[in-house]
There are 2 protein chains.
Amino acid sequence: MKTPQEVFADFLADRNLKTTPQRRLILDTLLKQNGHLSPEELYAKVKKRDKSIGQATVYRTLKLLNESGLIETLDFADGVTRYEPSYGEEHHDHLICERCGKNIEILDTVIENRQEQLAAEHGFALLRHKMYLYGLCDECRKKKQ
Amino acid sequence: MKTPQEVFADFLADRNLKTTPQRRLILDTLLKQNGHLSPEELYAKVKKRDKSIGQATVYRTLKLLNESGLIETLDFADGVTRYEPSYGEEHHDHLICERCGKNIEILDTVIENRQEQLAAEHGFALLRHKMYLYGLCDECRKKKQ
DNA sequence: ATTCATGCAAAAACTTTGCATGTAA
DNA sequence: TTACATGCAAAGTTTTTGCATGAAT
């Protein structure tokens, strides 16, 4: 299996785009963090390693990474766009505590299978999906109020 | 069962906020349209009925409607925030064609039940959820390219 | 009478774009 | 060498906020 770095290099080559130090750095930073970064947080982290990098490069690279299938966008319903690496990782969904923000990654074959089936019933070829479960975690429910 | 208008009025009263013609108009417009409006589209529609209404009032009212549970935000992964009335409607998820944008509302008890179960397994009390299935519809797959 | 809501315009937040320069292939 | 990428700053978008005026309770 190709590494994410290889996937990205191939993706860029296919489109006659170039593998640059900035693009590598941004991908590495995302992979190292392993998930849930907003563009701004990512920019801050990347900037620690390369003072001269520009905000625009981060946005441009996020777009490319998204198109290449290496990352996907998340919507935790708090108004912040986040990205998470998705290549090589098994797909998963998110279980989010609305009070404390705790975020648990979940995977369930019953649901995954049923999604395929539902899409097929409507004549759709399923490409991907997103599922978010919002609730209150144990601890938050124990706390008064 | 209370009407959405009553729910909103009660919600506002609870918080010592006021029921204004603008707020009523915005809610009515959303309900009449029955779904999937961006703030800008909503503003345009509302403006047809009340020339003098301001953009800011639409945003402020959308926030209140969201807090009151009457509407929810949708994420069709196209960068546009949309809202849809959710009160009184049976909950549903969305099946979206990535090529033509066709959007089918779906509901499935197998998935709904399993979601509850999954949340419980992780100690969560499930409050709500969102599920989006992205794929290609029949027609789009038949078209060449 | 109070307190909140509104419209407007300004500001803030977020993202994209144009351009001159730099660099990967 | 050529074509693409970068950083910067400017410009777009989208959403929020401050304020004087107006309206609901």
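Every chain is numbered from 1, with letters handed out A, B, ... down the list of sequences.
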- On DNA chain D, which is the earliest and which the latest nucleotide, 5' to 3', with an atom closer than 4.0 Å to a heavy atom of chain B? D:dT14 to D:dT25
Could you pull out all donor-acceptor pairs under 3.5 Å where a side-chain atom in residues 130-137 of chain B meets a protein atom, sequence neighbours excluded?
unit_1: B:K130; atom_1: NZ; unit_2: B:T73; atom_2: O; d: 2.8
unit_1: B:K130; atom_1: NZ; unit_2: B:T73; atom_2: OG1; d: 2.9
unit_1: B:Y132; atom_1: OH; unit_2: B:D75; atom_2: N; d: 3.0
unit_1: B:Y134; atom_1: OH; unit_2: B:D75; atom_2: O; d: 3.1

- Does any N or O in the side chain of A:Y87 come within less than 3.5 Å of the main-chain N or O of A:K2, such that one atom is a donor and the other an acceptor? yes
- Heavy-atom contacts under 4.0 Å between residues 39-51 of chain A and DNA chain D, which residues? none
- Message: Could you check whether A:R49 and A:T29, counting side-chain N and O atoms only, form a donor-acceptor pair closer than 3.5 Å?
- Response: yes
- Message: Tell me if a side-chain donor or acceptor on B:N113 pairs with a main-chain N or O of B:T109 at a distance below 3.5 Å.
- Response: yes
- Message: Tell me which pairs pass salt bridge (Lys or Arg N to Asp or Glu O under 4.0 Å) where either residue lies in residues 109-127 of chain A, with sequence neighbours left out.
- Response: A:R114-A:E121, A:R114-B:D108
- Of B:R24 and A:I53, whose nearest nucleotide on DNA chain D comes first from the 5' end? A:I53
- Item | Polar contact flag, side-chain donor to acceptor under 3.5 angstrom, B:Y59-B:K63 | no
- So do B:F8 and B:T61 actually touch side chain to side chain, heavy atoms under 4.5 Å? yes
- B:E105 versus B:H91, side-chain donor and acceptor atoms under 3.5 Å: no
- Item | SB check B:D138 B:R141 (cutoff 4.0 Å) | yes
- Message: Contact list please: residues 3-22 of chain B against DNA chain D, heavy atoms, distance less than 4.0 Å, in numerical order.
- Response: B:K18, B:T19, B:P21
- Sorted by number, residues from residues 56-68 of chain A placing a heavy atom under 4.0 Å from DNA chain D are A:A56, A:T57, A:R60
- Item | Electrostatic pair B:E139-B:K102, nearest N-O below 4.0 angstrom | yes
- N-O pairing of A:R128 and B:E98 below 4.0 Å: yes
- Item | Within the 6.0 Å centroid threshold, strictly below: B:Y83 and B:H36 | no
